[in-house]
Amino acid sequence: MSSERNDFIRDIIDDDLRTGRHTRVATRFPPEPNGYLHIGHAKAICVDFGIARDYGGTCNLRYDDTNPTKEDVEYVESIEQDVRWLGFAPSAVLFSADYFPRMYELAERLVREGLAYVCDLDDEQIREYRGSLTEPGKPSPFRERSIDENLDLLRRMKAGEFPNNARTLRAKIDMASANMKMRDPLLYRIRHAHHHRTGDAWCIYPMYDYAHPLEDAIEGITHSICTLEFENNRELYDWVLDHTGPWDPRPHQYEMARLALEYTVMSKRKLLQLVEGNYVSGWDDPRMPTIAGMRRRGYSPEAIRAFADMIGVAKANSMVDIGKLEYCVRDELNQNAPRVLGVLRPIEVELVGLPAGGVVTDAPYFPADVGKPGSRPLMIGPHILIDRDDWRDDPPSGYQRLAPGRTIRLRYGPCITAEEVTRRAPDGTVQAIRATVLPETLAGKNPDDGRKVAGVIHWVDAATSLPVEVRLYDRLFKTARPEEGGGDFLEHLDRASLEVVHGARVEASLATAQIGSRWQLERLGYFIVDSEVMPGALVLNRIITLRDTHSAAAAVTAKPASDAAKKPNAKAASRPKSKSPAEYRAEARARDPMLAAAHARIAALGGVTADWADLLTGDRDTAALYETTVGKVGHADLTAKWMINELPRALAGKELADAGLDAIRFAELVKAVAEQRLAAPAAKAALAEMIATGKALGDLAVADVGGGAVDLDSKIQAVIAANPDKAAQYKAGKTGLLGFFVGQVMKTVPGANPSEVNEAVRSRLG
RNA sequence: UCGGGGAUCGUCUAAUGGCAGGACGCAAGACUCUGACUCUUGCUAUCUAGGUUCGAAUCCUAGUCCCCGAACCA
């Protein structure tokens, strides 16, 4: 179920399953139906549905439609379609609006329990009363209304007696909370608006922070995954569940980083700007990062899912290299797109020496290494077309294409030698050339006279090829981070991101190509047959070019290396320096004479530094444990080190007061270490176990100090013998492996003294 | 400490006191009837400074930088 390497969310799930907190896994993907899904959503979908798939659980598609003024049925359909297209089947398709009755009941319950009140403040006043990030808010004048009055007002709100925004229902939490979200958040607002699902049944609508936890709880969601900007909302999420439950299972919210991708923008607002400003042709423009856009571009669901797997799940904000997406797209296409021939900007080539009537060869759809079957006949007649890019009057060195007098191979055809240019445009551009066919190469052999073949180029038969319109799509923006640098992101749009090529030709076999079918035009890139068909011509959208290491290497030198420069953050710079933990401890002592006295006593102890004395007297529990322990066993320095450096890990997040570690048992441990009856690693393990189980040292099965020199040496030799390759690497200079060997030995001889082991291993390995 | 998060190769991400690993990228080479694909080899990282430890990306301390939060949006 859980593979070796997991993301942090799967780690949590593994833990929940192991400890029995949950017996099954239920997730959900909760889009608001107010826009099209984009690649950022695709990541979320892959995480939510992927987890359900991996753990044999469920994942609901739930429309988070709690705001009637922003949402639309139009989006509901596109969203479900996009999810299914990505390859996921929702366990259920649900609507938040269907829970409105239940949510309202629970709102009345909150009112009855004195946990919510109806507030008459308007939006400006509410903001004012809320305070700021650094100042507490002040209570609403309506905060202390009676339960009966609140209930009455809430019912009248629901009954439609008040106009829009006249009153709100608010949770009664804490106007002074450091978390702004907890300063009496709004639960319901009045909206006399038509809802796409509930019609006019409601005129009060729940806010996200109230609705979302309830939706999760009602559906029995176990792991509610959202993005980082909701971290502050989690406290409120928990508050709502704690006061509306009990819920079983009790959902928990986890936050992951949202996707940011180079050369694109992701916000709905900016995407909408691109559409409405006609910078793109619509939501499904092949340059758009929308799922609809990518689908039309020819990106496959497999590629997008592979991309989601590649970038992983974590909590660090990051900007993903667009190259990773492009790699996934190419990787899938390489396996699945049949190869055909097409020419973008034709030069006519008259072929001399071709058998009369031309030649037909059978050309495979896939190269040998892809290994898929299929082929089509390929006609070559006396006139063919090649691409303008494949001709140079004056070829640069290393040019593997055609030039005067050169010989190249026509893909799936014979070798030809260019004889002369027979026609030029007024500007000198080559329009037609004549070339000689080397007949012996028709069957695939190389030229008899041993002349050099410069390369292989693509071509189409002039007589039988088909006209096509080709749309060459590229990245929408010129810069990797169009949203940075202060200016309008639209300034970074690349006008060349779409180039329409007329007059291109493709081989005859494409006459029957279906809309949506994807092909590789050899040496040019991957293309999809667009749903738009021009009169008499197919439309091909370029999905992506082939990887081009040749010209990439040439371009690299020209690229300015300016992108990286970090910008200073004005907000951070202007922010006052916050209080440090050290200041907190100092304040605690100033407030508490007992702590101050303890600090003075501890500082006066021999072997205790001023820093340690400070650290040990930030709170009474710590100070008391330290002083009592030292009072029992002495060893002021050793006790300090263990308390400061080792205790935190052993506590594993617990508060010292809850840890059940008394000075008696801690003193035993320190004493054992001081008297070298217990090696450090064993002592650390013992400490953790004492805290976890509340047992005393004597009741623990602790490894004795042992490992006499002879015994130890044989263990070391056994470990070395079991890892001959690593021993060799160590001798070759990879000294980092010392830790590996010591660790192995420590596992077999838990009570051993590590420094002795260290020394012994070192000398053994020479 | 206003509160909440975060920092590991150029990029994304592993390593839960014991080999800093993988992928993308890049470089060199091999192969090649696609300058593709594939293969081989190589490249580059623990934010800084102290401390604890035989051993620290991981624990402790002090700092630095980044992100989020004051919609009747989600």
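All values reported here derive from a predicted model rather than from experimental measurement. In what follows, chains carry the letters A, B, and so on, assigned in the order in which the sequence lines appear, proteins first and then strands, with residues in each chain numbered from 1.
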According to the Watson-Crick and G-U wobble definitions, with both distances under 3.5 Å, which nucleotide is paired to [N]?
N	answer
B:G18	B:C54
B:A30	B:U38
B:U8	none
B:U44	none

d([atom1], [X]; [atom2], [N]) in whole Å:
X	N	atom1	atom2	result
A:L261	B:C12	CG	P	11 Å
A:L133	B:A71	CG	P	10 Å
A:L325	B:U11	CG	P	18 Å
A:D174	B:G69	CG	P	21 Å
A:K315	B:U13	NZ	C1'	16 Å
A:R339	B:U34	CZ	P	11 Å
A:F307	B:G25	CZ	P	13 Å
A:D614	B:G50	CG	P	20 Å

Under the 3.5 Å rule, do the base of [N] and the side chain of [X] count as making a donor-acceptor pair?
X	N	result
A:N232	B:G3	yes
A:N179	B:G69	no
A:Q520	B:U34	yes
A:R547	B:G35	no
A:R649	B:A56	yes

At less than 4.0 Å, is any side-chain N or O atom of [X] found next to OP1 or OP2 of [N]? Yes or no.
X	N	answer
A:R585	B:A62	yes
A:R401	B:C33	no
A:N67	B:C73	yes
A:R189	B:A74	yes
A:T66	B:A74	yes
A:R183	B:A70	no
A:R330	B:C37	no
A:S318	B:U13	yes

Between [N] and [M], how many Å separate the two [atom1] atoms, rounded to a whole number?
N	M	atom1	result
B:A36	B:G69	P	45 Å
B:A23	B:C37	P	16 Å
B:U32	B:C66	C1'	47 Å
B:C39	B:G6	P	37 Å
B:C68	B:A49	P	28 Å
B:A62	B:G3	P	15 Å
B:G21	B:A28	C1'	23 Å
B:A27	B:G50	P	38 Å

The side chain of [X] is closest to which nucleotide in this list: [options]?
X	options	value
A:Q400	B:G35, B:C72, B:C19	B:G35
A:D369	B:C37, B:A74, B:G35	B:C37
A:K684	B:G3, B:G17, B:C12	B:G17
A:R191	B:U38, B:C26, B:C72	B:C72
A:P648	B:G5, B:U11, B:C59	B:C59
A:E522	B:C73, B:G18, B:U34	B:U34
A:K734	B:C68, B:C54, B:C19	B:C19
A:T549	B:G17, B:G35, B:C73	B:G35
A:Y327	B:C73, B:C24, B:A62	B:C24
A:V320	B:A62, B:G10, B:C12	B:C12

Completion exercise
Separation between OH (A:Y117) and CG (A:D184), nearest 0.5 Å, reads 3.5 Å
Exercise for the section: With rounding to the nearest 0.5 Å, note down the distance linking NZ in A:K726 to NZ in A:K734. Expected result: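 If we round to the nearest 0.5 Å, A:K726:NZ and A:K734:NZ are 8.0 Å apart.
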Heavy atoms under 4.0 Å, any strand shown: does [X] hit a base, just sugar-phosphate, or nothing?
X	answer
A:N164	nothing
A:Y188	nothing
A:G413	base
A:A582	sugar-phosphate
A:G398	base
A:L737	base
A:N334	sugar-phosphate

Practice task
Measure the acute angle between the ring planes of A:W519 and A:Y365, then classify it against the limits of 30° and 60° as parallel, tilted or perpendicular.
Solution key: tilted
So, are [X] and [Y] salt-bridged, with charged N and O less than 4.0 Å apart?
X	Y	answer
A:D65	A:K70	no
A:E255	A:R234	yes
A:R62	A:E215	yes
A:K445	A:E440	no

Completion exercise
Tightest non-hydrogen contact, residues A:F741 and A:I720, listed as CE2-CA, 4.2 Å
Exercise for the section: Establish, yes or no, whether a centroid distance under 6.0 Å links the rings of A:Y254 and A:F230. Expected result: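 No: the rings miss the under 6.0 Å criterion.
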Fill in the blank from the handout: Per the O4'-C1'-N9-C4 / O4'-C1'-N1-C2 angle with a 90° window around 0, B:A71 comes out syn
Handout entry: CZ (A:R258) with more than 12 external heavy atoms under 6.0 Å
Key =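 12 or below, so no.
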Exercise for the section: Using the closest heavy atom to pick a nucleotide of RNA chain B for each, name whichever of A:M310 or A:K641 lands nearer the 5' end. Expected result: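 Per heavy-atom nearest nucleotide, the more 5' residue is A:M310.
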Fill in the blank from the handout: Per nearest nucleotide of RNA chain B, the residue lying toward the 5' end, A:I644 or A:K70, is A:I644
